[in-house]
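Below is one structure, written out as structure tokens; comments come after it.
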Amino acid sequence: MASNLAPIPELYVSYESAQKLKVEAGNLMSHDLTPRQICDLELLMNGGFNPLKGFLTEEDYDSVVETMRTKDGALWPMPVTLDVSEKFAETVELGQDIALRDQEGVILATMTVTDKWEPNKSREAEKVFGADDSAHPAVNYLHNHAGKIYLGGPVTGIQQPVHYDFRARRDTPNELRAYFRKMGWRKIVAFQTRNPLHRAHQELTFRAAKEAQANLLIHPVVGMTKPGDVDHFTRVRCYEAVLDKYPSSTTHLSLLNLAMRMGGPREALWHAIIRKNHGLTHFIVGRDHAGPGKNSQGEDFYGPYDAQELVRQHQEEVGIEMVDFKHMVYVQEKAQYYPIDEVPEGSTVLNISGTELRRRLAEGIEIPDWFSFPEVVKELRRTKPPRAKQGFTVFFTGFSGSGKSTIANALMVKLMEMGGRPVTLLDGDIVRKNLSSELGFSKEHRDLNIRRIGYVASEITKNGGIAICAPIAPYAATRRAVREDIENFGAFIEVHVATSIEECERRDRKGLYKLAREGKIKEFTGISDPYDVPESPELRVETEGTDVDNCAHQVILKLEQMGLIAG
């Protein structure tokens with residue numbers, strides 16, 4: 001299969017028209033895009049999402065969800081939708097043009113709104129991701145982050161989103177096609193990754209290129225990946241560190257600003273179509289490609305080879321050839337990597353899983369040369385120092401009067417006595433006074449308050465400090481969102497202060513339960529408003545019959561066990 005490297009259609013207008021359109025668009029109603037929408041818009045405009053001409057209309061959306069095709073039959077497995085709030089949707093008329101802005105307010109495109117509807121998100125989750133299970137990051141995003149209303153319609157591109165990082169490494173589909181033409185490359189295999197490259201990956205990519213007799217494009221995703229992944233700045237430095245291990249005349253590194261959905265088989269097919277648009281002829285599909293991990297029952301969302309099967313079924317229609325990802329393992333006696341099904345009998349196989357690698361980084365344990373390159377390990381250690389040197393957040397949750405603040409105060413003093421890292425206490429009442437004084441106690445306002453606490457805690461954690469939070473935080477979805485924000489930078493320890501509602505009411509130091517029972521306080525947690533009991537917190541403490549010092553000490557022991565503080 002040789003590449004057709006003719007330019008692919010883009011949605012941008014000419015430079016002159018863009019200047020004129022920018023002025024006109026300044027008077028239009030505008031929508032501020034989320035980071036995920038900016039990624040989607042960029043690939044719509046530059047042809048990466050060809051044949052789409054804009055965000056999906058309702059008919060196209062329904063068809064894509066049900067059949068993986070747009071209503072005119074084009075293969076397209078992943079909904080690309082513009083989700084907005086109900087409030088914003090109410091102000092938009094069909095046929096109206098709106099300006100699409102980035103988070104700095106720069107106008108990137110205009111869109112003619114042809115459709116406006118409220119989707120059935122549970123159906124989207126079931127059909128696209130295989131289950132309506134919030135353990136799936138895309139399903140969680142759908143239900144807890146995405147706007148309630150979808151807008152559809154064609155997009156007119158004014159300018160690309162601005163990237164200040166790794167500019168020379170970012171190529172549009174047409175820039176890559178031009179590069180391949182210039183280099184005389186006819187067959188090119190793409191390696192998709194959201195992880196740093198280790199020796200097994202290098203061996204795998206060498207073999208794939210050799211097998212296909214093709215040149216190699218290392219094409220990592222730098223838009224949005226799975227919460228908890230290594231940040232793209234570190235990853236790109238890792239890729240650059242090992243690029244000289246590849247023959248420069250046959251290998252190229254380019255960054256793809258894609259917002260992944262971790263959608264397994266459909267995602268793999270989507271990746272194949274996107275790579276075809278970038279001028280590639282071959283695509284490596286991994287075992288459990290773009291799998292999000294375990295579902296709520298502790299089982300994998302997708303079978304290990306489901307993604308490969310779906311891509312194989314459609315590869316001719318897409319016009320790209322799939323290359324099987326061979327699971328590579330290190331054979332000690334031969335001192336080299338082999339595909340797992342070609343290991344000589346009786347050999348000693350060495351392997352380090354992703355979990356084991358993270359443990360070794362966290363605990364500062366040696367990572368052997370056979371597994372990774374010293375340059376990569378050095379970059380990873382710069383970003384992920386051993387746990388005892390990282391920031392972290394202790395997040396107490398429980399009923400009002402359960403003892404959260406008292407234990408949090410005791411913990412703060414104990415950690416300050418140890419020294420080594422700055423400690424900040426973000427107590428519910430103090431935060432309400434200083435950060436959230438304008439907020440009430442509706443569900444929306446309580447969520448906003450917790451998100452603010454989470455934001456401050458994530459900044460403290462990112463900068464190597466210790467944040468101790470002690471809000472009620474009644475809703476599981478909000479606690480999960482805060483956990484995801486913080487785990488990008490360090491550990492998150494959820495402590496459920498499991499004092500019963502009866503005991504809290506008996507204590508009632510502030511007289512709040514009495515007022516709630518009398519109906520003078522509306523929406524009071526545990527009385528007139530629900531509390532989602534944490535299912536698997538890092539620690540559960542019982543305060544009835546236990547003194548405060550002992551409760552705080554239990555947290556200290558947990559932090560020691562996790563390697564966050566030295567014993």
Side-chain angles (χ1 to χ4, degrees), residues 1-10 42-43 46-51 75 166-195 197 200-223 235-236 238-240 242-258 260 267-287 289-290 307-308 310-312 314-326 328 339:
M1 193 175 285
S3 189
N4 163 25
L5 294 173
I8 199 156
E10 294 184 347
E42 179 170 350
L43 285 162
N46 69 21
F49 282 174
N50 187 58
L75 186 65
F166 308 114
R167 292 177 85 146
R169 297 270 182 218
R170 294 175 183 270
D171 302 294
T172 67
N174 281 330
E175 284 166 348
L176 265 187
R177 285 165 171 254
Y179 176 81
F180 299 149
R181 276 200 304 275
K182 182 177 164 186
M183 298 297 287
W185 292 4
R186 306 287 293 147
K187 290 165 89 178
I188 313 104
V189 60
F191 178 57
Q192 140 94 28
T193 179
R194 42 173 258 271
N195 294 307
L197 281 180
H201 300 114
Q202 186 202 31
E203 194 60 44
L204 157 90
T205 50
F206 275 162
R207 278 176 178 257
K210 206 163 152 188
E211 213 173 277
Q213 295 180 308
N215 297 284
L216 175 67
L217 177 72
I218 302 170
H219 208 200
V221 170
V222 296
R235 287 192 289 115
V236 176
C238 288
Y239 304 138
E240 291 185 331
V242 298
L243 207 51
D244 62 358
K245 316 276 185 212
Y246 288 87
S248 59
S249 58
T250 60
T251 308
H252 187 60
L253 168 66
S254 181
L255 311 181
L256 179 66
N257 198 47
L258 174 72
M260 286 181 72
E267 177 109 10
L269 183 57
W270 191 41
H271 289 174
I273 295 167
I274 292 165
R275 285 348 189 281
K276 170 65 182 171
N277 287 335
H278 282 76
L280 294 142
T281 57
H282 293 70
F283 180 50
I284 301 170
V285 178
R287 191 174 173 278
H289 186 103
Q308 291 182 351
L310 192 66
V311 176
R312 193 178 282 113
H314 295 283
Q315 60 181 358
E316 272 188 44
E317 185 179 352
V318 175
I320 198 163
E321 205 170 304
M322 186 182 82
V323 179
D324 286 19
F325 182 111
K326 302 276 192 291
M328 307 298 293

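Start at 1 with the first residue, then count along the sequence.
Between I188 and H282 there is no side-chain heavy-atom pair separated by less than 4.5 Å. With contacts defined as side-chain heavy-atom distances shorter than 4.5 Å, the pair L197/F191 qualifies. Proximity of Q202 to V242: side-chain heavy atoms (C-beta onward) are nowhere separated by under 4.5 Å. Within the 4.5 Å cutoff, side-chain heavy atoms of M260 are placed close to those of Q192. Side-chain atoms of V221 and L255, non-hydrogen and from C-beta on, never get closer than 4.5 Å to each other. I274 places a side-chain heavy atom less than 4.5 Å from the side chain of F49. Side-chain contact between R169 and L253: present, with at least one pair of heavy atoms (C-beta onward) separated by less than 4.5 Å. Residues H278 and L256 meet the side-chain proximity criterion, which asks for heavy atoms closer than 4.5 Å.
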Expected list for residues 209-220: side-chain donor-acceptor pairs under 3.5 angstrom, two or more places apart:
from, atom 1, to, atom 2, distance (Å)
N215, ND2, K187, O, 3.4
H219, ND1, R275, NE, 2.7

Pair L75-L269, side chain to side chain contact (heavy atoms under 4.5 Å, CB included): steps then yes or no: CA-CA 9 Å; L75 186 65; L269 183 57; 4.3 Å; yes
From CA spacing to verdict: side chain to side chain contact (heavy atoms under 4.5 Å, CB included), M328, R207: CA-CA 10 Å; M328 307 298 293; R207 278 176 178 257; 3.5 Å; yes
R170/V222 under side chain to side chain contact (heavy atoms under 4.5 Å, CB included): CA gap, chis, key distance, verdict: CA-CA 10 Å; R170 294 175 183 270; V222 296; 3.7 Å; yes
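Using a distance-only test at 3.5 Å, with no hydrogens or angles considered, no donor-acceptor pair links the side chain of R194 to the main chain of A290. Distance alone, capped at 3.5 Å, is enough to place a donor-acceptor pair between the Q315 side chain and the M322 backbone. Using a distance-only test at 3.5 Å, with no hydrogens or angles considered, a donor-acceptor pair links the side chain of R181 to the main chain of L5.
We find that R312 and D324 are joined by a salt bridge, their nearest charged nitrogen and carboxylate oxygen being less than 4.0 Å apart.
Separating the CG atom in N277 from the CG atom in L176 is a distance of 11.5 Å, to the nearest 0.5 Å.
Side chains of Y179 and S254: no donor on one and acceptor on the other come within 3.5 Å.
Relative orientation of the W185 and H252 rings is perpendicular, given thresholds of 30° and 60° on the angle between their planes.
Across every non-hydrogen atom of A6 and R177, the tightest pair is O-NH1, 2.6 Å. Nearest heavy atoms, V318 versus K276: O-CG, 3.4 Å. Nearest approach of F283 to H289, heavy atoms of both residues: CZ-CE1, 3.8 Å.
Listed by chain and number, the residues in a side chain to side chain contact (heavy atoms under 4.5 Å, CB included) with N46 are Y12, E42, L43, T172, P173 (sequence neighbours excluded).
Partner H271 forms a side chain to side chain contact (heavy atoms under 4.5 Å, CB included) with one of L258, V285, I320 and no other, that one being L258.
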